[in-house]
Structure formats: structure tokens, C-alpha cells
Protein chains: 4
Amino acid sequence: MSTHSECGKEGEEKTIRQRATPRQPFDPGRRTTILQAAVRVFARKGFHRTTTKDIAREAGLAEGTLYNHFQNKDALLLALLDGLNETGRREADFAAADQEELETFLPRYFQQRLDALEQGAGDALSVILAELLTNAELRDTYAHSLVAPTLEIAERAFSRWAGQGRLRPEQLELTVRAVAALFLGMVVMRLLGDETLRQRWHELPDALTQLVLHGIGKDAV
Amino acid sequence: MSTHSECGKEGEEKTIRQRATPRQPFDPGRRTTILQAAVRVFARKGFHRTTTKDIAREAGLAEGTLYNHFQNKDALLLALLDGLNETGRREADFAAADQEELETFLPRYFQQRLDALEQGAGDALSVILAELLTNAELRDTYAHSLVAPTLEIAERAFSRWAGQGRLRPEQLELTVRAVAALFLGMVVMRLLGDETLRQRWHELPDALTQLVLHGIGKDAV
Amino acid sequence: MSTHSECGKEGEEKTIRQRATPRQPFDPGRRTTILQAAVRVFARKGFHRTTTKDIAREAGLAEGTLYNHFQNKDALLLALLDGLNETGRREADFAAADQEELETFLPRYFQQRLDALEQGAGDALSVILAELLTNAELRDTYAHSLVAPTLEIAERAFSRWAGQGRLRPEQLELTVRAVAALFLGMVVMRLLGDETLRQRWHELPDALTQLVLHGIGKDAV
Amino acid sequence: MSTHSECGKEGEEKTIRQRATPRQPFDPGRRTTILQAAVRVFARKGFHRTTTKDIAREAGLAEGTLYNHFQNKDALLLALLDGLNETGRREADFAAADQEELETFLPRYFQQRLDALEQGAGDALSVILAELLTNAELRDTYAHSLVAPTLEIAERAFSRWAGQGRLRPEQLELTVRAVAALFLGMVVMRLLGDETLRQRWHELPDALTQLVLHGIGKDAV
DNA sequence: CATGAATGAGGGTTCATTCAT
DNA sequence: CATGAATGAACCCTCATTCAT
């Protein structure tokens with residue numbers, strides 16, 4: 001290939017044309033790079049308003065490159081979901097819920113999950129939650145797996161109480177969901193921009209624990 | 001001038017316009033018809049995957065007719081939001097929260113709001129919530145107004161307790177949010193398809209009231 | 001998420017995209033190709049009656065490709081205008097109007113500009129003129145720059161005469177415009193299809209020069 | 001497509017026509033009202049950017065009413081053209097070009113036509129000119145009739161000179177066009193917003209006459 | 001593997017025209 | 001005749017995806 005193609009103007013650098021990007025050694029992190037870029041843009045603009053061009057730009061790559069690592073745009077969302085599930089499950093595994101008193105377990109657990117949101121996980125959650133609310137097929141497939149870890153951990157946590165007869169079995173089901181809902185609701189309100197929650201986020205573990213254990217009347221006792 | 005200007009290759013015969021179905025007589029509720037059709041499709045497919053053609057088909061109208069009643073597709077979402085706000089505010093006004101004991105007020109309030117979701121409001125909420133999570137501009141403008149009614153009602157409900165010194169002022173803020181979150185979280189879990197919640201939805205008012213007032217340990221006392 | 005979200009009545013199978021004709025290798029002149037195609041169609045059908053599909057077809061490209069090179073349809077018009085301006089200015093620069101006797105300069109200048117119209121420039125001019133007459137915003141921005149080159153050249157051409165006191169300064173302004181108008185008017189009449197002008201176009205340089213220098217009565221003198 | 005296809009065009013006075021059903025008192029000016037409204041909006045926004053709704057609003061009527069008086073939007077333009085033609089022809093008829101010396105006839109004629117533009121006619125001209133430049137079919141049908149009156153008048157005006165042998169017959173053709181072009185060019189430059197012309201518009205009749213009769217060198221003689 | 005121009009189906013929106021009232 | 005809501009073809013434009021380099 002000649003170096004004097006159709007540039008017309010001559011004079012400037014006639015350096016031999018080199019591959020725009022020399023062949024990179026296989027980079028297993030490329031996939032992660034893309035995914036992280038995607039989350040950032042999704043969080044800013046929402047999944048549907050984000051174009052693949054946006055993601056490519058954010059990742060510093062060409063648009064076509066995305067398709068070497070993900071089958072399509074949807075796959076990015078699914079990968080995000082997988083990531084969130086893993087995280088959730090890892091935390092759940094880590095917590096030895098049934099080995100511990102609720103009084104110490106609950107705040108630690110809340111703390112742990114809320115911390116995760118303070119870091120990047122909130123962005124992903126917001127995107128995924130929106131899509132789950134909106135996409136029936138995705139919801140049928142994944143909705144359960146999103147809440148499941150929390151439900152499981154809560155169930156284990158309350159199992160002893162239930163075992164001791166303090167909670168009737170049919171109460172357990174709703175109670176567990178109530179605690180998960182309390183947590184999830186806080187997260188959603190935070191995602192919706194509640195300023196008070198943003199400022200007092202660190203107080204939540206204790207506050208929620210108090211509420212769960214004793215209701216709002218505790219202090220009055 | 002299109003009938004005069006066709007020339008050369010591009011010119012083609014203007015197809016005679018034929019009305020397939022004669023239009024209906026004037027309907028003052030046309031705006032409502034469209035809005036309801038829109039919610040139904042939004043709920044099925046999500047806002048972004050819903051086309052204006054979908055909405056028109058669902059409403060039994062021509063696509064262009066939508067634009068005689070709404071400026072654009074976004075306006076449908078805003079109209080939805082307005083509707084939800086009115087609903088929320090109406091309920092809030094109705095409830096004489098500070099005139100009543102929490103024991104009776106809370107379950108009644110929960111009941112009222114949850115009932116609304118059992119009917120059509122849930123569809124709208126799901127759509128709007130997803131969009132609020134995803135659309136920063138919309139969120140800045142409307143997010144507060146979505147949660148505000150619940151927060152206000154909760155604040156009024158707890159005002160007496162706070163007035164009696166049972167809640168410190170700085171507790172009030174978080175407590176109120178915790179109750180709102182408990183409620184919101186339940187709704188979201190329901191929207192995400194939780195089967196247990198769907199079946200035992202009618203038990204929630206009492207169960208949530210118990211939790212709020214006494215925590216999970218109530219039965220043990 | 002379109003592959004996951006199709007549900008209910010609206011869902012239909014995604015048609016597999018098949019490229020009809022493999023695209024051409026990278027062509028740096030693609031922008032020019034498009035622009036030239038656009039002028040041709042504009043000239044045939046007028047700007048507003050020309051669809052982007054028309055242009056694409058004329059250029060042998062897909063419709064979307066236009067938008068890789070021009071921001072929108074209007075940008076094609078502006079690019080046309082820029083081209084015309086450059087042309088006009090180049091000619092103006094070339095002509096050493098104030099170095100030469102009017103008797104030799106004028107016919108040469110007329111010849112030069114009229115030749116340009118015989119080639120492609122007339123199409124562009126016709127389109128742009130129509131739009132300038134019709135689009136106030138465009139007119140405010142560009143109208144002056146369209147006539148300016150001719151006015152400038154005419155001013156320079158008459159400067160010596162004016163300097164020698166043969167034209168009073170306040171005459172210069174109108175005289176210059178009269179000559180520009182004479183030229184412009186001829187062009188417009190030609191664009192409007194005057195058959196006589198088409199046939200005797202080559203006589204114009206001399207005829208106009210005679211008129212400008214001596215009026216219609218010259219021969220009688 | 002005939003220029004007279006509009007309903008009831010054949011009768012000059014509409015007083016003869018009497019509706020059998022005088023629900024509204026028959027208003028022969030309604031058509032004129034609409035046409036004038038149309039010109040105003042066309043002049044502001046251009047023909048293609050003007051919607052029938054715009055015209056209806058400007059005329060203070062409902063959109064459908066337009067179609068009781070004009071077959072379609074194009075017909076408004078044709079009616080405009082007819083009006084301009086009549087005007088032009090009336091002026092041409094009025095002027096006794098061949099009965100008068102050029103020195104007095106020319107400035108009076110220029111004056112007359114330029115005055116017309118100072119009033120409303122310029123708006124219509126600008127719209128029609130743009131469309132003629134742009135619409136081949138319309139151009140073929142009407143372009144000649146737009147310039148014809150001026151050409152005819154000029155021909156008659158110069159006929160004596162030609163008859164006296166001062167202009168060779170083949171010169172006459174081009175000379176006539178040159179004068180028409182001078183006039184037309186001035187109008188176009190004015191329409192394009194030339195500020196100088198706007199301010200010194202009243203000087204044109206004399207200035208143009210001088211140029212036509214003696215060329216730019218007259219004063220120097 | 002990376003690139004990014006090309007693709008074209010499909011989206012939201014406009015608007016001339018119709019017609020029941 | 002006047003009205004104006006309804007119509008739907010057609011427009012401009014977007015953007016996920018492909019593939020030659």
C-alpha cells in the first residue's frame with residue numbers, strides 16, 4: 001500500500017503508516033474495562049439512552065471492539081446482573097448468620113451491604129432495578145436471584161428465633177420479606193436522591209437494627 | 001407543492017388516501033383513553049420499548065392522534081406522574097394522621113395505599129419508578145414529589161410520639177424514612193414479582209404495623 | 001434488551017439483518033460524493049421536496065451513511081453555501097480588477113462567472129437562492145456573503161473611475177449594485193428557463209459590458 | 001393543471017353568484033382573506049415551512065375552512081401567482097410605452113414597479129420566485145408569464161429605437177433582457193436584505209434610467 | 001483482536017387533508 | 001359553509017450491528 005493515498009496535501013509527516021493500535025497481548029481485563037465503562041454510562045444516562053458509541057468512548061475503544069467481548073448490548077446488562085449476583089452471594093456466604101446473635105449480626109450485615117452501595121454497586125443496582133421493573137422476561141428470569149441472597153440470609157438469621165417458637169413459621173415468610181423490603185426501600189430512596197439518607201447513610205445500620213428488633217417505640221421503653 | 005414537483009426518477013404516484021375505519025365521534029375523554037392505553041403497554045413492555053404505534057394500537061387510534069392530545073411520548077410519562085402525584089396527595093390529605101392512634105392509623109394507611117396498587121396504580125408506579133431510577137433530569141424534578149406524600153404522612157403520624165419525647169427530633173427524620181422505605185420496599189418486591197407477597201398482600205397492613213410498632217420480637221414479649 | 005422484552009401482542013420476531021450490497025472500501029471523497037448527489041437532486045426537486053432517501057439513492061449509499069458525514073439535511077445546504085462562497089471568493093481574488101482597464105476586465109469577469117454557471121454552480125445557486133429568499137434566518141447569516149464577492153469586485157473595478165472623479169462616491173454605491181444586479185438578474189432569468197438567454201449565453205459578456213459602459217444608446221452615438 | 005381550476009374562477013364579479021343556502025351571508029372576501037393571510041405567513045416562514053394550520057390561524061379561521069375555498073395548499077401558491085400576473089399585466093397595459101420618450105418613460109416605469117414592491121407585492125414575489133427556482137413543473141408553466149410583462153413592456157419601449165435602426169434586431173432581444181435583468185436583479189438583492197438598497201430605493205428609478213441610457217460613464221461625458 | 005464507516009430497519013413526529021357534526 | 005379532531009403516509013434521524021481492513 002502506497003503512502004501517498006488521497007491525502008492531497010503533501011508536506012507533513014510521511015511516516016510509515018503503522019497499525020493504529022499494535023496488536024495487544026491478550027487482555028483478560030478488557031472485558032472488565034468495557035463492563036465498568038458501561039456501568040458508568042448506564043448510571044449517568046440509563047440503559048436505553050446509552051448508545052454503544054457512548055460505551056466505546058467511555059472505554060476508550062472502538063465501537064466494534066465491544067462486539068469482540070460481548071454478543072450485543074443486552075449482554076452487557078446480563079453481565080452486570082451476573083456480577084451483582086456474585087457479589088450478593090459472596091456476601092451471603094461470608095455471613096455466618098445462624099452462628100450469631102441478631103443484635104450483632106444485623107448491624108454488621110446492613111453495614112456490609114450498604115457499604116457496597118456507597119462504592120460502585122449502587123450504579124449497577126439502579127440500572128438493573130430499572131430494567132427489571134420494565135422488562136417482563138428479564139424479570140421472570142432474574143428478579144428472584146436479585147433478592148434471593150438477602151432473603152436467604154434473613155431467613156437464616158431468623159431461623160433460630162423461629163426455631164425457638166418466637167416466630168410462627170407463617171410469620172417468618174412475611175417477616176423476612178419485611179426486613180428485605182426495609183433494606184431495599186432504603187436503597188431505592190437513596191437512589192432516588194434523598195438528601196437526608198445520603199448524609200446520614202452511616203447511621204442506618206444501627207437505626208435499622210433498632211427498628212427491626214424493637215420497633216419505633218424502643219426508646220420509650 | 002408535492003403534487004407539482006414530482007419529476008425524474010423520484011417521482012411516484014401519490015397513493016390515494018383512504019380512511020380504513022371512519023373515526024369515532026368526538027370523545028372528551030380521549031386524553032384519558034390514550035393515557036390508560038399507554039400505561040397498559042408501558043407496563044407490559046416498558047417505556048422505552050413501547051413505540052407510539054403500540055400505544056395507538058392499544059388505544060384503537062391512529063398514531064397521529066396521540067399528538068393531538070400529548071406533545072410527545074415523554075409527555076405521556078409526565079402525565080402519568082402527575083396522575084400518581086394527585087393520587088398520592090389525595091390520600092395524604094384524606095388521612096387525619098395526627099388525630100389518631102398509631103395502632104389504628106398505620107394499618108388503615110397501609111391498607112389504603114396497598115389497595116391502590118392492587119388496582120391500576122401499580123402499573124404506573126412501576127413505569128415511573130424505572131424511569132426515575134434511570135433519568136437524572138426527571139429524577140431531579142420529580143423524585144421528591146413521588147415520595148413526599150408518604151414522608152409527610154409519616155411525619156405527621158409520628159409527630160405526637162415525637163412531641164411526647166419518645167422520639168428525638170433527629171431520630172424522627174430517619175424513622176420516617178425507615179417506615180416509608182419499608183412500604184416502598186414491599187411495593188418494589190411485589191413489582192419484581194415476589195409470589196409470596198402477591199398471595200399474602202392482604203396481610204401486610206397488620207404485619208407491617210406490628211413490625212413498625214414493636215419490631216420482630218413482639219410475640220416473644 | 002429488545003430480544004428479551006418482546007412480549008404479548010406487540011412482540012414479533014426480529015428480522016435478521018442482511019446486507020444487500022457489501023459496502024465500498026473507505027473513500028475519503030465520500031463527503032463530496034454525497035454533496036454532489038445532493039445538489040443534483042436539489043436542483044431537480046428543490047430542497048424541501050427532496051428526501052434524504054432521494055439523496056442516498058442518488059449517491060448510491062444507505063440513508064444512514066449521510067449522517068456519518070453531515071449532521072443533518074440542513075447541513076448539506078450550508079455545505080453547498082460554503083462551497084459557493086469559496087468559489088465566488090476564489091474568483092474574486094483571482095481577478096486583478098484594479099490593475100486593468102474596464103473595457104477588458106469587465107467582459108473577462110462576466111465570462112468567468114457565467115462560465116461557472118454553465119457548469120455545476122448554477123444548480124447550487126438556484127437551490128441556495130430559493131432558500132435564501134425563503135428562510136429568514138439563513139438570509140440574515142449568509143445573504144450578504146453570497147453577493148459580497150461580486151460587490152467587492154465591482155467596487156474595485158470602478159474604484160479608478162471613482163478616484164478620477166468620474167463617479168461621485170454616493171454614486172459608486174448604487175452603480176456597483178446596479179452592475180451586480182444586472183449580472184444577478186441575468187442569472188436568475190436564466191435559471192427561470194429563459195430560452196433566449198440559454199442560446200445566446202456566450203454573447204452576454206460583451207453585451208453586458210457594452211451596456212454597462214455606454215448604455216443602450218452606444219451604437220447610435 | 002390549469003391555473004383556473006379554482007372554483008368559480010371564470011366569473012370575474014362574484015355578485016352574480018348566489019348561494020342557495022345562505023347559512024352565512026356569502027362573503028366574497030373570504031377567499032381574499034385567506035390568500036392575504038397565506039402571503040403574510042409564506043413571507044415570514046417560506047412556503048414549505050408554513051403549515052395550513054399557520055395559515056388558518058393567521059386568517060382567524062379553522063383549518064378545514066381553507067379547503068372550502070382552495071383545493072389544497074398548492075392552490076394558494078397558484079392563486080398568488082395569478083394575482084401577481086394580473087398585477088404585472090395591468091401595469092404593463094397601463095404604460096403607454098411606445099408613445100413616449102425613453103427618458104421620461106423609463107423612470108416612471110421603474111418607479112411604478114418598484115413602488116409595488118414597497119407595498120405587499122414583494123412578499124408574494126419572494127415566495128413565488130423561490131418556488132419557481134425550485135419547482136421544475138411550475139417553472140415550465142409559469143416562469144415565462146412572470147417575466148413576460150416586463151419583457152413586453154421593454155420591447156415596446158425600445159421598439160422605436162430599434163425601428164430607427166439604432167438597435168439591430170438581434171441586439172433588441174438581449175438588450176430587453178438586460179434591462180429586465182437589471183430590474184429583476186435589483187429586486188432580488190433587495191429581497192436578500194441589502195441595506196443600501198433599502199435606504200436608497202427611491203433613487204433607483206433615476207439611477208437605473210441613467211445606466212440604461214448612457215452607461216456608467218455618463219457623468220464623465 | 002481492533003477499528004470505524006456503512007448499513008437500514010424502525011423510531012418519533014409532522015402535517016396536508018378529510019368529514020361528521 | 002365552518003369547524004377541528006382524526007387520520008396515516010411519509011419524513012428525518014438514530015443506533016445496534018457488521019465486516020473489510
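Side chains included, hydrogens not; waters and symmetry mates left out as well; all remaining heavy atoms used. Chain identifiers are assigned alphabetically (A, B, ...) following the order of the sequence lines, protein sequences preceding nucleic acid strands; residue numbering begins at 1 within each chain.
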(request) May I ask you to verify if any side-chain N or O of C:Arg30 is less than 4.0 angstrom from the OP1 or OP2 atom of E:dA5? (result) no
(request) Can you tell me the distance, in whole Å, between the NZ atom of D:Lys45 and the C1' atom of E:dA16? (result) 14 Å
(request) Using atom CG of B:Leu77 as one end and atom P of E:dG12 as the other, report the distance to the nearest whole Å. (result) 13 Å
(message) Quick check for you: to the nearest 0.5 Å, what is the distance between D:Arg139 atom CZ and C:Ser126 atom OG?
(response) 6.0 Å
(request) Calculate the interatomic distance between B:His48 atom NE2 and E:dG12 atom C1'; express it in whole Å. (result) 13 Å
(request) Starting at NZ of C:Lys45, measure out to CD1 of C:Ile55 and round the result to the nearest 0.5 Å. (result) 10.0 Å
(message) Can you list everything that forms a side chain to side chain contact (heavy atoms under 4.5 Å, CB included) with A:Asp123? Sequence neighbours excluded, please.
(response) A:Val39, A:Ala43
(message) What is the separation between atom NZ on D:Lys73 and atom P on E:dC15, rounded to the nearest whole Å?
(response) 8 Å
(message) Determine whether a donor-acceptor pair (one donor, one acceptor, N or O, separation below 3.5 Å) exists between the side chain of C:Glu63 and the base of F:dC12.
(response) no
(request) Check whether any side-chain N or O of D:Thr52 sits under 4.0 Å from OP1 or OP2 of E:dC15, and answer yes or no. (result) no
(message) Can you tell me if B:Tyr67 touches the phosphate of E:dT14, counting only side-chain N or O atoms and a distance under 4.0 Å to OP1 or OP2?
(response) no
(request) Could you say whether D:Leu61 or C:Lys53 is positioned toward the 5' end of DNA chain F, judged by the nucleotide with the nearest heavy atom to each? (result) D:Leu61
(request) Return no unless some side-chain N or O of A:Thr65 is found under 4.0 Å from OP1 or OP2 of E:dT3. (result) yes
(request) Give, for atom OG1 of C:Thr52 and atom CD1 of C:Ile34, the distance between the pair rounded to the nearest 0.5 Å. (result) 11.5 Å
(request) When you get a sec, tell me which of F:dC15, E:dG4, F:dC11 is the closest nucleotide to the side chain of A:Thr51? (result) F:dC15
(message) Both D:Gly64 and C:Gly64 contact DNA chain F. Which one's nearest nucleotide lies toward the 5' end?
(response) D:Gly64
(request) Grab the CG-C1' distance between C:Asp74 and F:dC11 for me, whole Å please. (result) 13 Å
(request) Starting from C1' on E:dA16, measure out to CZ on D:Arg49 and report it in whole angstrom. (result) 17 Å
(request) Figure out the CZ/P separation between C:Arg57 and E:dG8, and round it to whole Å. (result) 13 Å
(message) Distance check needed: E:dC15 C1' versus B:Asn72 CG, whole Å only.
(response) 17 Å
(message) Any donor-acceptor pair, under 3.5 Å, between the side chain of B:Asn68 and the base of F:dA6, if you only look at N and O atoms?
(response) yes
(request) Just grab all the salt bridge (charged side-chain N to carboxylate O under 4.0 Å, His left out) pairs involving residues 58-68 of chain A, residues at least two apart or on different chains. (result) A:Arg40-A:Glu58, A:Arg44-A:Glu58, A:Lys53-A:Glu63
(message) Both atom distances under 3.5 Å, Watson-Crick or G-U wobble: I'd like the secondary structure of DNA chain E as a dot-bracket string, with | for pairs made across strands.
(response) .||||||||||||||||||||
(request) Can you sort out the partners of B:Thr51 under side chain to side chain donor-acceptor pair (under 3.5 Å), two or more places apart, ordered by chain and number? (result) B:Asp54
(message) Any side-chain N or O of B:His69 below 4.0 angstrom from OP1/OP2 of F:dA6?
(response) yes
(request) Please identify each residue that fulfils side chain to side chain contact (heavy atoms under 4.5 Å, CB included) with B:Val127, with sequence neighbours left out. (result) B:Phe42, B:Phe47, B:Leu77, B:Leu80
(message) Main chain of B:Leu61, side chain of B:Thr65: is a donor-acceptor contact present, judged purely on distance under 3.5 Å?
(response) no
